[in-house]
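Below: the structure, in structure tokens.
We name chains A, B, ... by the order of the sequence lines, and we start the count at 1 in each one.
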Amino acid sequence: MTSLSNNTLSRWSTDELLCWSLRGIATIAGTIVMLIVVFLIVEALPVLHHVGLLRFFTDPSWHPAEGLYNLTPMLWGTLFAMTGSVLIATPLGILSAVFCHYYAPSVLARPYRRLIELLAGVPSVVYGFWGLVVLVPLIAEIQPPGPSLLAGILILTIMILPTIALMADASLANVPQQYLRGAAALGLPRWATIRGVVFPAVRSGLFTGVILETGRAIGETMAILMVCGNVVQIPSTIFDPIRTLTANIALEMAYAIGDHRAALFVSGLVLLAMIVALVVSAEWVSRGRMYG
Amino acid sequence: TAQTFSAEQLSGKLVITGASTLAPLIAEIGKRFESHYPKVRVDVQTGGSSRGVADVRQGFADIGMVSRAMKAEEKDLHAFSVARDGVGVILHKENPVQALTDEQVVAIYTGKIINWKDVGGKDAPITVVNKAEGRSTLEVFLHYFKIRNTDVKAHVVIGDNEQGIKTVAGNRHAIGYVSIGTAEYDESQGVPIKLLSVGGVAASTETVRNGTFPISRPLHIVTRTPPVGLTKAFIDYAQSKAVHDIIKQQYFVPMVD
Amino acid sequence: MAETLSRPQNLREWLAFVLVWGAAGLVTAVFCWLLGDIVWHGIGHVSWTFLTAPPENAGRQGGIGPILASTSLILGVCLAVSLPIGIGTAVLLAEFTSDQSLFGRITRRSLDILAGVPSIVFGLFGNAFFCKMLGLGFSILSGGLTLACMVLPVLIRSTEEGFRAVPASYRLSAAALGLSRTTTLIHLLLPAAVPGLLVGLVLGVGRAIAETAALIFTSGYVDRMPESLLDSGRALSIHIFDLSMNVSGGDTNAYASALILVIMLLAINGTVSWLATYGLHRKIMTV
Amino acid sequence: MTPVESLTGPHSRHPLEERPACRAPQPIVEIDRLSLYYGDKPAFQDVTLSINKGCMTALVGPSGCGKTSFLTCLNRLTDLIAGCRVSGQITINALDVLAPGINVIQLRRRIGMIFQKPNPFPLTIRRNLEFPLREHGIRDREQITQIIETTLRAVGLWDEVKDRLGSPALALSGGQQQRLCIARALALLPEVLLMDEPCSALDPLSSGVVEDLIVGLRGRYTILIVTHNLAQARRIADYAALFWVQNGAGRLIEAGTAKQIFENPRDPLTAAYVSGMRG
Amino acid sequence: MTPVESLTGPHSRHPLEERPACRAPQPIVEIDRLSLYYGDKPAFQDVTLSINKGCMTALVGPSGCGKTSFLTCLNRLTDLIAGCRVSGQITINALDVLAPGINVIQLRRRIGMIFQKPNPFPLTIRRNLEFPLREHGIRDREQITQIIETTLRAVGLWDEVKDRLGSPALALSGGQQQRLCIARALALLPEVLLMDEPCSALDPLSSGVVEDLIVGLRGRYTILIVTHNLAQARRIADYAALFWVQNGAGRLIEAGTAKQIFENPRDPLTAAYVSGMRG
Ligand SMILES: Nc1ncnc2c1ncn2[C@@H]1O[C@H](COP(=O)(O)OP(=O)(O)OP(=O)(O)O)[C@@H](O)[C@H]1O
Ligand SMILES: Nc1ncnc2c1ncn2[C@@H]1O[C@H](COP(=O)(O)OP(=O)(O)OP(=O)(O)O)[C@@H](O)[C@H]1O
Ligand SMILES: [Mg+2]
Ligand SMILES: [Mg+2]
């Protein structure tokens, strides 16, 4: 990679101006994160003061109206829903992009891409609504009650699929032609080329896609609230209802007061901590090489 | 009443925030109010009862909407009830169970009865639909049946009424409780649910209105200081007979006839 | 390139073939199911008056005219704010910061975190910060700004990928001619990075137009035709949410509104890619 | 021992036809009235040529006359290019190359190709060689290790890389990369090798090494080599063919033995090209 | 008229010093103990060399010995490479090139550079030339049109492209693209021209044309040319310098007049290189 960073010596003021204003702009992104963290902490402070952080993990249950604040089941709920959907959506999304580039005749590739772009913009309430009236009754037929971890995973999968699919699509478009021609000249069949040559070449883009989709999966609120059942428990099967941290906030924030309200902001903080853990471990996995 | 002000005297913007249950009703009342007083604008926002209380206290809103009885620690606010709302138990339409005693409801909600055959229905597990912590429907329901929320063994926890109705409509073995007006309307529209009578009284807006139905909640609007001027005019208007048709249109029950 | 005619040769190739087509088929099927549902229930209510008239009786009757206006304004504010910031940050990360530098790492990590913040937290934050602290109240401006914060990560990340895909030779040859970095950026790199930017834009617009939780607390619930950016305005997705979850008997209009939203999105995505291919072709002459 | 003799040793994993030396001209590739169009634009037209078994044939001509396009017809790489249309006939060892139903994968395995710009995959050195072998059904670990060593020795790369087979192939120098690409092609035991200016992107030292390697392959493989370097063509080729652009499309101007083309050209264009160029 | 004489005509938009022929050796670029490191790895070390005004100096040596890296020091393109560190001293016309505070933009304007791979911008032919001119403050439409014609004539491209100045530069052939790049550099009236193997990516016909062009520039510009083609270096250079990798870093082995280096090399490495290579 080339970088212009060392070239601070030029006397061209426009360049300096540009560099510094870009830095200013970029700082905004960082500042927003800071502001959000500070905001969450300030709002959560009262309850942290009263009950301390530990009880959010050791209390017998989540009944904030009665002073019980255990968040652990929701932490698991969030983790299960996220993991499940990322595990399904990632291969589906990547295969979708592969379809567009290497399998679909061009008359199909274009509308298919458009279709995925559309999926990216359907509001989460529509997904949730559809899940509630179509998907959940279907699941209820198999194994009551219907609203369940499974429903959440399926809806989340549809929702995050476009993110990974479009990112993968953009990365595949950048694969140097010479790799493809080299592979073809060796008589490598299509899938072998994709698996052996294309995927290694687009690691960085795929990785970015996974990070973004995971973020979206963790953060999704409305749809998950409508299909997951929202019972605070650690699920023992995928047919059990769960509640995620986001659903917890959305569900109870509207009518919560005092410590209950502050406790919901602790949910937000815990969620943020989860995201930070995710980002850090992603960095650790890639060891800084993936972004190159 | 509202007619004490002439259309010219009143002007300005009224910000109302609070319970989402009340928002469509107050918004419609606001629109009619605006049509009487062209220089007035009524902005209705949602966010929940607690948000209404908080916003009014901070002076961020002129009026708050609270869809429950006022709590002890909210005595600093001035509350005005605008309508009532009954809470009724619903089942899927195909469920053969026609009535449940209060004890049976309690047993179902506390997990002592988990199969419909124990209350005269088919052999199928019961799906218990409960409301989320903090919702006034929940509080009213629990209060009437004298259940502690920690004892409730729910299979699904929901937020808004429509979510409850859609959940029960999509699961033949579910039991839930929602706002009676909403349920009545949906039932009339062919949604496969049915309202159960409670304590022998049929659940309908009619029984809520005449006071015989035992589970109901008042819908309030609140202010921080005693209302004057525009705020007072609006509150008076919202409590007047002139809006009873709107209240009925939104499937709530007017306070007085 | 698609060598669509050659048949899979061995078992693994067949399996992959089936898998890829299967995945595409599955996605298409789910999509058609979902969209078919919306179209089926909604198409009957879409008419010119539905598009222009104000909602009546809490949205059960009437149209969505003011709501469309508010939605466009919110989206406009969101893009007007997030595009410059997004592109600027992407440029900084891709062109002016090495992968190892502390500033770049911190910014990049912050963005990853921002991407995972749930929209409801954005909503509460936007309400506290824009509505109350900055005194913007419930307004289209607050809503647009909150959305801008939300779409930034996706916009920046994909634009950055776009810049990384530009060949290094452009930068070297421009520098060797004594062109300033500013010029190089504006005239060469930016046009060449547009494909990446477009992915970001499509994803960002999609996310912004579909947002509910963040807007309830910021741009508000008022369904009057907005007169200024400081007026409260109800977004289409909130309207859909309210009709389907809060207003009994609102389902059909909810479906119709969802249909309009999908059509709106189609139009936006179409325009964006048209602008890109044609507008770009005038500027950048790749053959 | 020339580098390639070692190939016939442990490497002969299935009965190979005796690799033919270039003595009696015995056509292995027959090209009949071949034309190629990109969309409506012809790249070359009406080329009729036969390539003899075990011989090295050099294709020369100015830029854009369709040499690369011509090579890509022979292994059907043209299939990858949207809007590319080929007409005419190509037979390799009695196989009709342009027939729609043939097994392209097998065809390409039998015809190796080396590109102008070295194009190792973004994998390790070992994986670059192992991966195509596995795809072509060679699974045995030991055999693969064996083949890797043999082919790397054949291209003179073994001593340079044997300690770092696990490092990325893209970290090699240009010349090493090109030799790796040749090794990769040789590992599949092709019958015909197509080389598209294999040395032109390399410095003279590496270029010299690669040229030595190619000379070492002569007589063992049927080789079709495109080169800009007339001196090189003269040095190493048995046969030569000159392409030229006429009326906007490439044409085959003259073909014959290298000796005849370079010393006794019949066509005035050929005479001008082989004499007037700088080397 | 050599192609370049026309440059001094309508093109002399500001008083130009008389362009010097290469007669009396008069140093214009002085390089003193220059070393360059990529991270910790040295690309070349301790190079001391002076370049004479108006002369053509050829840099030769095997791949990876640091020739390209050396060129990029002279116009500070090294600034663009993360982790690249340069030590030593370079003076061009008394200007300390490596001083932190100098105006790099102006420096690069005075030092043109041509790359191995032709790299026109993805713009029209006209915009390729116009765009740098505008950047350097030449705004007058007519003057720009004038300069475009003059430089295109100077590189012998005018007749080929005058009717399609508005078409994409990337649609030109390789040789045309390279000549366009040279025109683009010449349009800025540089004092020194750096050329990094300007012909190696071209076919012999185009390569010949470009070489003719470079020969035409000789004596008009101070030119530093990297080439793999020893025959070419011999033909066109006044001076020559040989780089070689020793102990993992490039070194300057020998520098002198082209005649001396090619005919009477002092260093045995030089002797081996200039004799043993293929051309
Ligand atoms: N994919 C393509 N689409 C359209 N035209 C092409 C394509 N590839 C090559 N051409 C055109 O076809 C003609 C022949 O190209 P080709 O690359 O075969 O020539 P070449 O003899 O190999 O040239 P060179 O020596 O420069 O490699 C040229 O005019 C070229 O512009
Ligand atoms: N950006 C870079 N980062 C790290 N190492 C580099 C970089 N560019 C070049 N090198 C290394 O520096 C050394 C000198 O490279 P350079 O490109 O200057 O050689 P060269 O003489 O121009 O070679 P060639 O004839 O192949 O162009 C090589 O070992 C090369 O691998
Ligand atoms: Mg070619
Ligand atoms: Mg070089």
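Neither the backbone nor the side chain of E/Arg110 comes within contact range of chain C; no heavy atom of the residue lies under 4.5 Å from a heavy atom of that chain. Of the two parts of E/Asn75, only the side chain, counted from C-beta on, holds a non-hydrogen atom closer than 4.5 Å to a non-hydrogen atom of chain C. Within the 4.5 angstrom heavy-atom criterion, no atom of E/Leu194 approaches chain C.
One finds a salt bridge joining C/Arg171 and C/Glu95 here, because a Lys/Arg side-chain nitrogen approaches an Asp/Glu carboxylate oxygen to under 4.0 Å.
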Distance-only donor-acceptor pairs under 3.5 Å for side chains of residues 75-91 of chain C, two or more places apart:
from, atom 1, to, atom 2, distance (Å)
C/Ser82, OG, C/Cys78, O, 2.7
C/Thr89, OG1, C/Ile85, O, 2.7

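Contacts of C/Arg207 classified as salt bridge (Lys or Arg N to Asp or Glu O under 4.0 Å), with partners at least two apart in sequence or in another chain: none.
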Check your understanding: Checking ring-ring contact (aromatic ring centres under 6.0 Å, His included) for the pair E/Phe44/E/Phe70: CA distance, chi angles, key distance, verdict?
Key -> CA-CA 8 Å; E/Phe44 62 83; E/Phe70 179 75; 5.7 Å; yes

